[in-house]
Chemist: 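First the structure, which I've put down as structure tokens, then a few questions once you've had a look.
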Amino acid sequence: MTLGGQYGTVAVMLVFGAVLYAIIMLLNRLMRPSVPSPLKLSTYECGVEAVGSGWSQMNIRYYVFAFLFVIFDVEAIFLFPWAVIFNDLGPTTTPSALYALVAMFLFIGTLLEGLAYAWRKGVLRWD
Amino acid sequence: MTTVIAPVATLLPVFAPAESLLDTGGTVVSLLLKIAFITVMFLVVPLVGGYLEHKGMARLQNRRGPVEAGPAGSLQLVADGIKFIQKEDIIPGAADRKVFAMAPAIGLVATLLSFAVIPLAPGLFALDLELGLFYVLAISSVGVLGIMMAGWASANKFSLIGGLRAAAQLIAYELPLILVAVAVALQAGTLSLVGIVEAQQSSELFGTGISMWYVFPQALGFGIFFLAALAELSRPPFDMPIGDSELVFGYITEYSGIKFAMFLLTEYAGMILMSGLTVVLFLGGWQPLPGLDLPDGALGVLLGAGVTLGKIMLLVFVMIWVRVAYPRLREDQLQRISWTVLVPLSLVNLAVVAVGKVVAG
């Protein structure tokens with residue numbers, strides 16, 4: 001493969017996906033009727049007139065969950081290379097498999113402590 | 001630290017991607033073949049899954065399902081597509097027009113790209129990336145962006161709440177999904193999906209010589225992965241983001257016509273993708289039975305593709321079955337299950353696999 005190797009193919013596929021969506025929308029544009037009316041374009045709120053803006057306030061809980069997620073997602077990025085290398089480690093290699101295992105347990109343990117703290121603080125409860 | 005890391009780097013074998021059958025002819029031909037492959041996986045296979053849902057759900061509810069379009073109603077979804085493409089495209093006056101129009105494309109492209117690394121048979125895949133598992137998890141989670149955009153751009157309270165619920169749900173269940181996938185990568189020693197299937201072919205149950213798939217040592221992981229996959233797809237019983245009894249249709253409320261159809265197509269394609277990933281990670285990919293290898297040559301490729309697609313459809317049927325059998329969860333129950341049950345359990349699963357790896361040698 002040329003075109004920058006395998007990830008070049010991914011880039012071409014990305015462009016293809018965008019073009020596919022564009023073609024479908026173009027076909028739709030050619031075939032659809034367009035009869036807008038103020039009532040049709042109003043915001044849907046079960047038949048009654050919409051009160052206030054659709055961009056209303058939201059629950060702050062979502063923000064805390066997003067924070068928790070970022071912490072663990074970064075952890076996951078460190079876990080993947082560890083998982084692949086771990087296979088090639090043994091009792092005699094430097095570092096030994098046991099060393100790598102304990103190191104990762106310490107790392108995950110630190111993060112779990114954070115989760116336990118959030119749990120104890122009641123962040124994970126929804127009421 | 002450099003003194004510790006350096007020897008490891010020399011231990012690592014250089015990754016050589018498996019040869020894809022689609023790499024024939026010139027660069028352009030193989031590129032076109034690969035694009036055709038992901039298009040079939042995205043546009044055709046989900047239609048089969050959708051038909052299975054129509055008919056399976058109908059039979060489970062003592063109905064007949066579609067019967068008119070095509071033999072036994074099998075062309076119902078094609079007819080739906082033709083209908084959708086002729087429908088007026090309504091964009092609410094209050095909506096953010098550009099974001100509203102772009103939102104369905106994000107999920108569509110993300111799912112389409114994810115199919116590039118799913119292997120159907122030996123040699124029958126578009127790409128064998130060294131980071132295949134990482135790639136598919138990363139790309140497929142971009143889809144949440146499209147859902148957030150749809151929820152926000154609609155300028156509708158139902159859509160906004162649905163979009164936020166979807167985002168919170170998808171990030172909460174992303175974690176158990178990733179942590180279980182890491183455990184599989186740990187056992188296989190590679191992130192390449194083709195490599196994971198091949199590792200399962202040669203893996204044995206605790207050195208007894210009995211062949212096995214990863215579903216046997218990691219039954220817990222398999223359960224967590226399937227649950228998390230259901231939640232990632234917002235399939236019932238995890239369909240609070242589009243809970244129709246409370247949120248009309250969640251983030252899709254204001255969408256109609258072809259854009260609505262795009263969301264629907266992405267959902268069905270997502271079912272195929274997640275089932276495919278489950279098959280590759282836990283159910284031995286193209287292997288018909290543990291320890292039973294495919295014949296060589298074209299017959300093997302055809303058989304392998306049939307076996308993989310068959311397993312995928314089996315899992316899709318389980319998803320439909322679950323939809324019919326279980327009522328919807330509440331939003332607080334959903335978050336609690338993920339953070340206080342599934343995340344700790346998936347870490348336990350990872351620890352058990354890692355310790356087992358050290359003990360075994």
Side-chain angles (χ1 to χ4, degrees), chain A residues 1-3 6 9-10 12-14 16-18 20-21 24-25 27-28 31-36 38 40-46 53-56 58 62 65-66 68-69 72-73 76 79-80 83-88 90 93-95 97-98 101 104-105 108 112 115 119 124-127, chain B residues 4 7-8 11-12 17 23 27 31 34-35 38 85-90 92-94 105 108-109 112-113 116 127 129 134 154-157 159-160 164 167-168 171-172 174-175 178-179 182 185-186 189-191 248 253-254 257-258 331-332 335-336 339-340 343 347 351 354-355 357-358 361:
Chain A
M1 275 311 291
T2 49
L3 272 169
Q6 297 199 302
T9 314
V10 174
V12 175
M13 285 172 179
L14 184 71
F16 167 74
L20 182 72
Y21 184 69
I24 293 171
M25 292 315 291
L27 269 176
N28 179 229
M31 294 170 80
R32 74 189 174 205
S34 183
V35 198
K40 202 188 269 176
L41 299 184
S42 63
T43 300
Y44 180 76
E45 209 148 291
C46 301
S53 163
W55 289 305
S56 53
M58 56 193 94
Y62 291 113
F65 282 120
L68 271 178
F69 171 71
F72 276 92
D73 212 27
L79 277 174
F80 275 106
V84 175
I85 288 183
F86 199 73
N87 211 33
D88 299 309
T93 54
T94 6
L98 193 63
L101 184 71
M104 190 44 83
F105 274 5
I108 294 175
L112 267 182
L115 182 67
W119 194 342
L124 303 181
R125 275 208 321 269
W126 196 266
D127 34 52
Chain B
V4 179
V8 179
L11 277 174
L12 277 184
D23 267 328
T27 311
L31 247 178
K34 284 173 181 181
I35 284 175
I38 59 168
I85 210 159
Q86 302 172 61
K87 287 286 178 188
E88 185 176 358
D89 186 32
I90 302 167
L108 185 148
V109 173
L112 184 73
L113 280 180
L127 294 170
L129 297 177
F134 191 75
S154 299
N156 180 319
K157 298 182 192 81
S159 302
L160 184 62
L164 280 170
I171 61 175
E174 189 81 27
L175 279 178
I178 291 174
L179 291 173
V182 168
L186 184 66
T190 173
L191 289 177
V248 186
T253 300
E254 292 287 5
I258 192 71
E331 185 70 17
D332 61 323
Q335 294 288 347
R336 207 173 58 225
W339 290 103
T340 65
V343 170
L347 283 172
V355 170
K357 199 96 188 171
V358 171

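Naming convention: chains lettered A, B, ... in sequence-line order (proteins, then strands); numbering from 1 in each chain. Note that the structure is a prediction, hence the values are computed from the model and not measured.
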Chemist: Looking only at heavy atoms and a cut-off of under 4.5 Å, which of B:L127, B:I38, B:V109 has the most pairs with chain A?
Modeler: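 Answer, by heavy-atom pair count under 4.5 Å with chain A: B:L127.
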Chemist: Is any side-chain heavy atom of A:V84 closer than 4.5 Å to one of B:F134?
Modeler: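 Not in contact.
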Chemist: Name the region of A:L101, side chain, backbone, both or neither, that has any atom closer than 4.5 Å to a heavy atom of chain B.
Modeler: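 Side chain only.
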Chemist: Of the backbone (N, CA, C, O) and the side chain (C-beta and beyond), which part of A:L14 lies under 4.5 Å from a heavy atom of chain B, both, or neither?
Modeler: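 Looking at A:L14, backbone and side chain both touch chain B.
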Chemist: Measure distances from A:L68 to the heavy atoms of chain B and classify the residue's part below 4.5 Å as side chain, backbone, both or neither.
Modeler: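 Looking at A:L68, backbone and side chain both touch chain B.
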Chemist: With a 4.5 angstrom heavy-atom cut-off, is it the side chain or the backbone of B:L164 that approaches chain A, or both, or neither?
Modeler: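 Both backbone and side chain.
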Chemist: Heavy-atom distance under 4.5 Å to chain A: side chain of B:K87, backbone, both or neither?
Modeler: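 When you check distances to chain A, only backbone atoms of B:K87 fall under 4.5 Å.
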Chemist: In terms of heavy-atom proximity below 4.5 Å to chain A, should B:L108 be classed as side chain, backbone, both, or neither?
Modeler: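 Just its side chain gets close to chain A.
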Chemist: Are B:L112 and A:M13 packed together at the side-chain level, in the sense that at least one heavy-atom pair is separated by less than 4.5 angstrom?
Modeler: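 Answer no - side chains too far apart.
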Chemist: Check each atom of B:T340 against the heavy atoms of chain A and say whether the ones under 4.5 Å are side chain, backbone, both or neither.
Modeler: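 Interface part for B:T340: both.
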Chemist: Non-hydrogen atoms of chain B under 4.5 Å away: do they reach the side chain of A:M104, the backbone, both or neither?
Modeler: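 A:M104 has no heavy atom closer than 4.5 Å to chain B.
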Chemist: So, do A:L41 and B:I90 sit near enough that their side-chain heavy atoms are less than 4.5 Å apart?
Modeler: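 They are in contact (side-chain heavy atoms under 4.5 Å apart), so the answer is yes.
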Chemist: So which part of B:E88 gets closer than 4.5 Å to some heavy atom of chain A, the side chain, the backbone, both or neither?
Modeler: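 Both parts, backbone and side chain.
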Chemist: Can you tell if the side chain of B:I171 reaches within under 4.5 Å of the side chain of A:D73, non-hydrogen atoms only?
Modeler: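 No, every pair of side-chain atoms sits at 4.5 Å or beyond.
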